[in-house]
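Taking it in order: structure first as structure tokens, then the write-up.
For reference, positions follow the sequence shown, starting with 1.
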Amino acid sequence: MNETLWWPRAEGEAEVRVTSADATLSVSRALPPAGLIHSARMQGEEMRDTDGVFTEFYEALRLPDHFGWNWNALRDCLSDLQWIHAAHFLLVIEKADAVLSEAPEERDILWRAMNDTVKFWAGKPELPGQQKTTFDVVLLCPPDVEEAMRSEVLRS
């Protein structure tokens, strides 16, 4: 089992995290920064096709009714999030290896959107009088596919 670091993130570490579901994590490393946090757990088994992906995001992030149910609309919403009053966002996708298993050609699109979103929020400057917004994504998968999945996500 490996020890995963979620918080705080060092400068330049803006990427989706992939870890095995049995990884150990100390409480001090799991605690988010101070401030309002919105956390969501999504189920990879419910995300086997694009409709499932969009449904899980719609429900987990309470996407606005005007959400267009396509990749561009998801990207737009992930770079806005103004309807959720939080300074920190944590998305955890359990059984991430099952995500888009019925549409594998779409996986790169999702992983790229997740990586781009993490980098987008990490790159936004902290404005005076406002707390910096953070956005983290953790993909949980079985230990035997962790390395392959990490390579796939980082390659996107």
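Of all non-hydrogen atoms in E146 and C141, the two that sit nearest each other are CA-SG, 3.6 Å. The two residues G68 and A73 come nearest to each other via the heavy atoms N-CB, 3.5 Å. When every heavy atom of A60 is checked against every heavy atom of A40, the shortest pair comes out as CB-CB, 3.6 Å. For the pair A122 and K132, the tightest heavy-atom approach, listed with the atom from each and the gap, is O-NZ, 3.1 Å. Pairing each heavy atom of L100 with each of D49, the nearest pair is CD2-C, 3.5 Å. In plain terms, the two heavy atoms of D97 and P142 that are nearest each other are OD1-CD, 3.2 Å.
Atom CE of M114 and atom CZ of R75 lie 8.5 Å apart (nearest 0.5 Å). To the nearest 0.5 angstrom, E45 atom CD is 4.0 Å from K95 atom NZ. With rounding to the nearest 0.5 angstrom, the NE2 atom of H38 is 9.0 Å from the CZ atom of F135. Within the model, atoms NE2 of H66 and CG of D76 stand 8.5 Å from one another, a figure rounded to the nearest 0.5 Å. The structure places CD1 of I109 at 9.5 Å from CG of N72, a figure rounded to the nearest 0.5 Å. Annotation: the span from L63 atom CG to T55 atom OG1 amounts to 10.0 Å, rounded to 0.5 Å.
Linking ILVMFWY residues whenever their side-chain heavy atoms come closer than 4.5 Å, directly or via other members, leaves L154 and L140 in distinct clusters. Taking hydrophobic clusters as Ile, Leu, Val, Met, Phe, Trp and Tyr residues chained together by side-chain heavy-atom distances below 4.5 Å, V16 does not share a cluster with V145.
With hydrogens and angles disregarded, a donor-acceptor distance shorter than 3.5 Å links the side chain of W121 to the backbone of L78. A distance-only check finds a donor-acceptor pair linking the side chain of S101 to the backbone of A98 [under 3.5 Å]. For E56 (side chain) and Q43 (main-chain N/O), a donor-acceptor pair under 3.5 Å exists by modelled atom type. Looking only at distances, a side-chain donor or acceptor of R107 sits under 3.5 Å from a matching main-chain atom of V99. Between the W83 side chain and the R62 main chain, a donor and an acceptor come within less than 3.5 Å of each other.
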- Task: Could you give me the CA-CA distance, side-chain angles and deciding distance for M42 and E94, then say whether side chain to side chain contact (heavy atoms under 4.5 Å, CB included) is met?
- Result: CA-CA 6 Å; M42 296 186 281; E94 296 189 45; over 6 Å; no
- Message: Test side chain to side chain contact (heavy atoms under 4.5 Å, CB included) on V53 and L110; report intermediate values, then the result.
- Response: CA-CA 9 Å; V53 169; L110 176 60; 4.2 Å; yes
- Message: Under the criterion side chain to side chain contact (heavy atoms under 4.5 Å, CB included), I'd like the reasoning laid out for Y58 against D65: C-alpha separation, chi angles, the key distance, then a yes or no.
- Response: CA-CA 9 Å; Y58 182 82; D65 289 337; 3.0 Å; yes
- Item | From CA spacing to verdict: side chain to side chain contact (heavy atoms under 4.5 Å, CB included), W69, L74 | CA-CA 7 Å; W69 297 85; L74 181 61; over 6 Å; no
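Side-chain contact check for T117 versus V137: every heavy-atom pair is 4.5 Å or farther apart. Using a 4.5 Å heavy-atom cutoff, the side chains of D136 and F89 are not in contact. Using a 4.5 Å heavy-atom cutoff, the side chains of L91 and V138 are not in contact. The side-chain heavy atoms of F57 and M47, taken from C-beta on, include a pair separated by under 4.5 Å. Side-chain contact between M149 and W111 is present, with at least one heavy-atom pair separated by less than 4.5 Å. Looking at N115 and V153, their side chains come closer than 4.5 Å, going by heavy atoms from C-beta outward.
Taking a cutoff of 4.0 Å between a charged side-chain nitrogen and a carboxylate oxygen, E147 and R150 qualify as a salt bridge.
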